[in-house]
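Everything numeric here is computed off the predicted structure, so don't read it as measured data. Sequence positions, counted from 1, serve as the residue numbers for this chain.
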Amino acid sequence: MSDDRGDRPDPVLAAIGTALFHLRRVWIKPDMMKRIRARTTGGPGGRPLQISNLMVVNAVAALTDEPPAERPVAPSGDAVDAADAGGTGGEAGEAEVSCEITVGAVADRLEIDPSTASRLVGHAIDAGLVSRRPSPVDARRANLGLTDAGRRVKQVADRYRRAYYHGLMNDWTDAERAEFARLLTRFADAAARDPMDPDGIDKIFEEAGLD
C-alpha cells in the first residue's frame with residue numbers, strides 16, 4: 001500500500017522506524033564489542049573474536065543445514081578470492097558442486113561482496129572457528145566447514161540469544177510471540193526482496209538543499 005499523503009507523517013511508519021533504530025543500537029553498542037574482544041580469544045596468538053566471526057559461523061552453519069538444492073552454486077570458472085585454495089579446476093556433477101560451501105555462498109548468505117566475504121572468512125579461519133578444505137570439484141575454491149570450536153561457539157551463541165529473547169518477551173502470550181515472529185519474518189523478507197536504494201541518500205540531501 002503506497003503512502004499518498006505527501007509530507008504528512010504516518011505515526012505507524014514513524015514508530016517502526018524508531019523501533020528499528022533502537023534495535024540497531026542494541027546490537028552495535030561499543031561496550032558490548034569491547035567486552036567480546038576482552039573476554040574471548042581464539043586462533044593463532046590468541047586473536048580476539050569479532051562479531052564478524054559469529055556472522056561467518058552462522059552463515060556456514062545455515063548453509064550446512066540447507067538442502068543442497070537451495071545452496072548457491074558457483075560456476076567452476078568464477079574468480080577466485082584470497083580465502084580460496086590455489087590449483088587447477090576439475091570436472092564434477094552438479095550434485096557434488098551443490099554440496100560445497102564456498103566463500104561465494106557465504107557472501108550471498110550475508111549479502112556482502114565477495115572480497116569482503118573472503119576477508120571475513122579468512123578471519124574466522126584464523127580464529128579457529130572455520131575449516132577450509134580443498135574442493136573436490138575445483139581446487140581453486142575452498143570448501144568451508146565449522147571446526148569443533150566453531151560448533152561450540154554457535155551453540156553457546158544460540159543459547160544466549162534464545163535466553164535474551166525469552167527475557168524480552170517473558171510477559172508475552174504464545175499467540176503474541178507467534179504473530180510477532182510471523183510479521184517480523186514477513187517484513188524482513190520484503191526488505192530482502194526490495195532493499196533500500198542507496199541513491200535515496202543523495203536524494204535526501206538534494207531535496208533538503210544540502211547538495
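Asn53 places none of its side-chain heavy atoms less than 4.5 Å from the side chain of Val56. Between Arg109 and Met55, the closest side-chain pair of non-hydrogen atoms is not below 4.5 Å. Residues Leu146 and Val57 meet the side-chain proximity criterion, which asks for heavy atoms closer than 4.5 Å.
For the atom pair CD1 (Ile125) and OG1 (Thr147), the distance works out to 10.0 Å, reported to the nearest 0.5 Å. Here the straight-line distance linking atom OG1 of Thr102 with atom CG of Asn143 works out to 8.5 Å at 0.5 Å rounding. In this structure, CG on Asp171 lies 10.0 Å from CG on Leu168, to the nearest 0.5 angstrom. A distance of 10.5 Å separates OH of Tyr160 from OH of Tyr165, quoted to the nearest 0.5 Å. Put simply, NE2 on His123 and CZ on Arg119 are 6.0 Å apart, with the number rounded to the nearest 0.5 Å.
When all heavy atoms are compared, the tightest approach of Ile112 to Thr116 is CD1-CG2, 4.0 Å. The minimum heavy-atom distance linking Ala149 with Gly128 is given by the pair CB-O, 3.7 Å. His166 approaches Arg177 most closely through the heavy-atom pair ND1-NH2, 3.4 Å. When every heavy atom of Ala107 is checked against every heavy atom of Pro114, the shortest pair comes out as CB-CA, 4.1 Å.
Under the side-chain hydrogen bond (donor to acceptor under 3.5 Å, both in side chains) criterion, Arg186 pairs with no residue, sequence neighbours left out. Partners of Arg182 under the salt bridge (Lys or Arg N to Asp or Glu O under 4.0 Å) rule, at least two apart in sequence or in another chain, are Glu179. The side chain to side chain contact (heavy atoms under 4.5 Å, CB included) search around Asp194 returns none, not counting sequence neighbours.
Ser52 contributes no side-chain N or O that, together with a main-chain N or O of Leu120, makes up a donor-acceptor pair within less than 3.5 Å.
Hydrophobic clustering, with ILVMFWY side chains joined whenever heavy atoms are under 4.5 angstrom apart, keeps Val12 apart from Leu183. Clustering ILVMFWY residues whenever any of their side-chain heavy atoms sit less than 4.5 angstrom apart, transitively, puts Trp172 in the very cluster that holds Leu184.
The local environment of CG in Asp174 is sparse, with at most 12 non-hydrogen atoms from other residues, nucleotides or ligands closer than 6.0 Å.
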Chi angles and distances behind the side-chain contact (heavy atoms from CB on, under 4.5 Å) call for Leu63, Val106: CA-CA 8 Å; Leu63 289 165; Val106 171; 4.1 Å; yes
Criterion side-chain contact (heavy atoms from CB on, under 4.5 Å) on Phe187 and Leu20, from CA distance to verdict: CA-CA 12 Å; Phe187 182 86; Leu20 291 175; 3.9 Å; yes
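A salt bridge links Lys154 and Asp158; the closest N-O separation between the charged side-chain nitrogens and carboxylate oxygens is under 4.0 Å.
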